[in-house]
Structures are given as C-alpha cells and as structure tokens.
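Throughout, residue positions are numbered sequentially from 1 according to the sequence presented.
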Amino acid sequence: MLSLRPARLLLGSLLIATPLLGAPAIAADTPRQLSVQAEATLAVVPDRATLSARLWERTPAVSREEESGGDPEALREARERLEARAAELIDTLESAGFEGDAISAGSLAVQPEHLAGSRGEDGEREPLVRTRLERPFQVKLDDLERLPLLLDALTEAGVNALDGVSYDLADRDAATDEAMVKALERARHKAELMAETLGIALGPVASVSETRSPAFQPRMMAMSADARESTRAEYRPGTIDIEAGVSVNWEIE
C-alpha cells in the first residue's frame, strides 16, 4: 500500500517556506527615515501689566463672648468706611489718567481675625476677635512706562497692600507661533547637519508632531517694601520664556 506521509511532509515544507520568500520584498518596501527631535526657547519682553492691590477695614476687637452675637452696627460702619475709600481710590486713579474700564474691583470679603488681648490677673491672655472687610483691586496697563505713576496713585489713595505686578503680552498667539517656528527651524538644521555628515540626501517630510506645546504664562513679580515707598523705583519686567518642541521624520532618498 502506497504511503502519503512523504507527500504531506513536502507540502508542509512548502507552506513554511513560502512566507520566507516574500520577506526581502517587505523589507525593500520599508522607507528609510531620519528622525529628529528639537526644542527652542523664545524670550519675549512683556508689553502689558496688571497691578493688584487691596483695601481693608476692621471692626473693633472684642472678647469672643461679646462677638458671638455679632455687632451689626460695627460691621455697617466698617463697610461704609471701606466703600468710601474704594470710591476715593477709583477717583484718584481716574484723575491720574487711568480709564475706568482698566480698573476692576473685586467682591467684598469678610473674615474674622483672632488676637491675643492683655494678660489678666491669672496671667492668661484674653482671646479677642475682630472682623476684617476687604476689597481687592486690579489695574491693567498697556503702557509699562506708566507703572510708577500708577504706584504713586495707589499710594496716594492709601491702599493697605500692593500684592504685585503680573506681566503679560498683548498678542500671545504671535509669540507662541514664533516659538514653534524656531523649534521647526532647529529641527531642520539638525536634520541637514546629520544628513551632510552621514552623506545622505533628505527627501520629503514623512511626519511631524509636537513634543512640547508652546504656552505663555504671565509672570508675577512681588512688590518689595522699597518699591512701595519710593516714587523713583525702577521697574524692569525682564523677559518671559516660551518653550516649544517638535519631532520630525524625513525620508532618506
């Protein structure tokens, strides 16, 4: 009787060998590419600023037991004083040439403040409490040369605190676009340098993606005690860094 086993073995060998015959063709179709990653930093000078300040008034300090029921009259008087000072502040700024739409007043904040009173006969300090009513203000500037004038106006209005200056850009999109262009130019420079060194020719771009999306963050600068008191203080906004990153693949000809 004729055995079919050798034929089956031969057929199996052909089936296994068939994919191997096509392997060189697949490798030949795989494109050769040069991959480059690049980052760039753009230093920009701010052209806009926002100065933050606060006004507050307090009620008289009383013992905790007395304050438990609250003192509506003391609160009303403190609020009236605060609102009068706020109106005076806005008038002072407008008289100094700052437009009303550049001035914003925040919501009224009310919070208790706990103090240590004088010592009693037993040597213990009596706990006291008072209420603080506070309103924040922000003034926007499109001309940084007027920042000292703004500080003088706020000082004249008797603000209780100058919290600092936040520097910004009028056109953020233009700055972030420029940072991205610099990153792409850096990537092309690196690719051309590598290609020249290796003796290869760059083809068209196969793919490109962001590795770091450029973003602009306003920079906050605290006010020093000297700056608050001196009308001759100099203000240097410095620069803000915007970083961008890309990954680009070129085909190799």
Side-chain angles (χ1 to χ4, degrees), residues 40-58 77-111 113 132-183 212-244:
T41 301
L42 177 69
V44 295
V45 178
D47 56 10
R48 177 178 290 180
T50 301
L51 193 147
S52 301
R54 286 176 292 156
L55 291 175
W56 63 66
E57 287 288 338
R58 296 184 174 96
E77 292 177 355
R79 180 168 183 174
E80 288 179 352
R81 293 195 304 270
L82 180 61
E83 295 302 334
R85 292 180 60 201
E88 181 181 353
L89 170 61
I90 294 175
D91 289 342
T92 302
L93 293 174
E94 291 180 344
S95 298
F98 296 95
E99 299 294 335
D101 57 359
I103 307 168
S104 61
S107 302
L108 177 68
V110 180
Q111 60 183 2
E113 293 183 340
R132 173 165 151 173
L133 294 85
E134 177 179 297
R135 289 196 70 179
F137 286 83
Q138 287 190 335
V139 185
K140 296 181 179 180
L141 281 175
D142 291 329
D143 182 4
L144 298 187
E145 296 295 329
R146 303 186 68 196
L147 186 56
L149 177 62
L150 172 59
L151 181 61
D152 289 344
L154 290 172
T155 304
E156 180 183 347
V159 294
N160 296 103
L162 292 172
D163 295 326
V165 182
S166 176
Y167 290 103
D168 204 337
L169 280 178
D171 192 349
R172 297 186 184 183
D173 291 341
T176 54
D177 288 349
E178 186 177 350
M180 178 58 67
V181 169
K182 288 189 64 174
R212 181 192 293 270
S213 179
F216 180 87
Q217 295 293 335
R219 187 169 67 88
M220 189 71 181
M221 186 184 77
M223 304 293 292
S224 66
D226 293 338
R228 299 180 190 182
E229 298 172 0
S230 174
T231 58
R232 299 180 181 178
E234 294 185 3
Y235 301 92
R236 302 178 184 273
T239 59
I240 300 176
D241 292 338
I242 303 176
E243 298 179 344

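In terms of modelled atom types and a separation under 3.5 Å, the side chain of Asn160 and the main chain of Trp56 share a donor-acceptor contact. Counting only distance, with no hydrogens or angles, the side chain of Arg81 and the backbone of Arg58 share a donor-acceptor pair below 3.5 Å.
Closest heavy-atom contact between Arg54 and Pro136: CG-CA, 4.0 Å. In plain terms, the two heavy atoms of Thr92 and Ala153 that are nearest each other are CG2-O, 3.6 Å. The two residues Phe98 and Val139 come nearest to each other via the heavy atoms CD2-CG1, 4.5 Å. Residue Val45 comes nearest to Leu169 through the heavy atom pair O-CD2, 3.5 Å, listed as atom of the first residue, atom of the second, then distance. The two atoms that bring Ile242 and Ala215 nearest to each other are CG2-O, 3.9 Å, heavy atoms only. In plain terms, the two heavy atoms of Ala40 and Ala183 that are nearest each other are CB-N, 3.5 Å.
Around CD of Glu145, the count of heavy atoms belonging to other residues, nucleotides or ligands within 6.0 Å does not exceed 12. Atom CD of Glu99 has 12 or fewer heavy atoms from other residues, nucleotides or ligands within 6.0 Å.
Residue Leu151 holds its CG atom at 11.5 Å from CD of Glu156, rounded to the nearest 0.5 Å. With rounding to the nearest 0.5 Å, the separation of OG1 in Thr50 from CG in Asp163 is 13.0 Å. Between the OG atom of Ser166 and the NZ atom of Lys140 there is a distance of 10.0 Å, given to the nearest 0.5 Å. In this structure, CD in Glu134 is found 9.0 Å from CG in Leu82, a value given to the nearest 0.5 Å. Tyr167 OH to Leu147 CG: the interatomic distance, rounded to the nearest 0.5 Å, is 5.0 Å.
Within the 4.5 Å cutoff, the side chain of Leu141 has no heavy atoms near those of the Leu51 side chain.
No option in Leu93, Val159, Ile90 other than Ile90 meets the side chain to side chain contact (heavy atoms under 4.5 Å, CB included) test with Phe137. Partner of Arg146 under the side chain to side chain contact (heavy atoms under 4.5 Å, CB included) criterion, chosen from Leu144, Leu150, Asp143: Asp143.
Every residue meeting the salt bridge (Lys or Arg N to Asp or Glu O under 4.0 Å) condition with Glu83, not counting sequence neighbours, appears here in chain and number order: Arg135. Residues meeting the salt bridge (Lys or Arg N to Asp or Glu O under 4.0 Å) test with Arg79, sequence neighbours left out: none.
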Return a table of donor-acceptor pairs under 3.5 angstrom between the side chains of residues 171-180 and protein atoms on other chains or two or more places apart.
| residue | atom | partner | partner atom | Å |
| --- | --- | --- | --- | --- |
| Asp171 | OD1 | Asp173 | N | 3.4 |
| Asp171 | OD1 | Ala174 | N | 3.2 |
| Arg172 | NE | Asp168 | OD1 | 3.1 |
| Arg172 | NH2 | Asp168 | OD1 | 3.3 |
| Arg172 | NH2 | Asp168 | OD2 | 2.6 |
| Thr176 | OG1 | Arg172 | O | 3.3 |
| Thr176 | OG1 | Asp173 | O | 3.0 |

